[in-house]
Structures are given as C-alpha cells and as structure tokens.
Amino acid sequence: MQYWLFKSEPESFGIDHLKRARTTVWDGVRNYQARNYLRTAEVDDLAFFYHSKAQPPGIAGLCRVTAANVVDPTQFDPDSKYFDPKSTRAEPRWQTVKVRFVEKFATYISIDTLRDTFAEDDLMILQKGSRLSVTPVNRKVAERILKVARA
DNA sequence: GCCAACGTTGGC
DNA sequence: GCCAACGTTGGC
C-alpha cells in the first residue's frame, strides 16, 4: 500500500465536493510526471487531499484509490478544458485513478504546519518550485501527517 | 536537437 | 494580482 498527495483547488473541487460526491475520477492531470505516478497507483492506496491556491494551502483530508489505470474521459471531450486532440481511444495518453472519500481531517494541516513538521526532503510539495499535482508520500511521513490530522 | 517564446502553477 | 519556476511548443 502506497501513500500519495493529490492537489486540487478547492474553488473548483475540494474535499467537501468529494465528500458529497463520495467518489470521483481524478481527471485533468496533464503533466507526464504526475501521470506516470498515477499509472503506478493501485487499489487501496491512500491519498492526502491537498488544497492548493487556498488560504492557507494545506492538507484537508484523505481519500482511497478504488480503481487503478482509469482512462481519463475528459481527454476525448472537445468541450472539456482537458481535451487532448492528440489522444485517441485506441491509444489514450492520460490515465488516472478513481478515488473514494475517506475523511475530512479534524485538524486542517496548513503548509506552515507542514513546513514546521517536515524537512523539504520529506515531502515533495515543500520543495522550491515543485508544481507536481501528484506526488508519493513515504509511509513514515504519512503516519506523522495522520497523527497531526487526528489530534 | 536547440532554445526563445509562451503558457501554467501555486505560494505569497 | 504578481511572478518565480517550471513545462511545452515550434521555428530553425
């Protein structure tokens, strides 16, 4: 079982949206490095739900992967902002996962708290210039995040 | 295959 | 809204 951190802007889709929807296809990832991580995600992996462009940015909750290697349908939709004209149904470019809501944390973990708690090397999103929307989180770090979140 | 121009991300 | 740090595009 692997832990991840998924970023999303709560103004468009936040933890409360996921709670209401219960599940969602994590669509719209259009960065190859992030996609490559998504391709390695497996059912039952857990992902921290990070609110980017929030005030303050931070980890809002947790979700679980319920389907792996899901073809992102938005790549075929000309009306979607994630439409990719170079993608074909025979050879889709963008795979992702389906996730289910697990919990909204009792304690929202702001980026300041993350910086106070972890070193840059512990968490990829703390590294300068890091913009990846999907990043792996090692087990030890993940367990410390959970401890803070549930305190 | 280089690289300038352009577009995007996301903290501040 | 600014802008640093990336990532992508396309002419050459």
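Each chain gets a letter, A, B and so on, in the order the sequences are listed, and its residues count up from 1. Keep in mind that the numbers below use all heavy atoms, side chains included, and drop hydrogens, waters and symmetry copies. This structure is a prediction, so every number in the text was calculated from the model and none was measured.
In this structure, OH of Y32(A) is placed 15 Å from P of dT9(B), rounded to the nearest angstrom. One atom, CG of L132(A), and another, C1' of dA5(C), lie 12 Å apart when rounded to the nearest Å. Between the CE atom of M124(A) and the P atom of dC6(C) there is a distance of 11 Å, rounded to whole Å. Look at CG on L126(A): it is 16 Å from C1' on dA5(C), rounded to the nearest Å. In this structure, R93(A) places its CZ atom 14 Å from C1' of dG7(C), rounding to the nearest Å. Atom pair E11(A):CD and dG11(B):P shows a separation of 13 Å (rounding to whole Å applied). dT8(C) atom C1' lies 14 Å from atom CZ of R35(A), rounded to whole Å. Between the CZ atom of R115(A) and the P atom of dG10(B) there is a distance of 13 Å, rounded to whole Å.
Between N31(A) and K53(A), it is K53(A) whose nearest contact on DNA chain C lies nearer the 5' terminus.
Regarding contacts with the backbone of dG11(B), a side-chain N or O of Y50(A) is found under 4.0 angstrom from either OP1 or OP2. For the OP1/OP2 pair of dG10(B) and a distance below 4.0 Å, the side-chain nitrogens and oxygens of K7(A) include at least one atom meeting the criterion. Residue K128(A) has a polar side-chain atom (N or O) positioned under 4.0 Å from OP1 or OP2 of dA5(C).
In this structure, K104(A) pairs ionically with D16(A), as a charged nitrogen and a carboxylate oxygen lie closer than 4.0 Å.
With F6(A) as the fixed residue, the ring-ring contact (aromatic ring centres under 6.0 Å, His included) test singles out one of F13(A), W26(A), F49(A): W26(A).
Between Y108(A) and H51(A), the ring-plane angle classifies as tilted under the 30° and 60° cut-offs.
For the pair R139(A) and Y3(A), the cation-pi criterion (under 6.0 Å, within 45° of the ring axis) is not fulfilled.
Nearest nucleotide to the R131(A) side chain, out of dG7(C), dG11(B), dT9(C): dG7(C).
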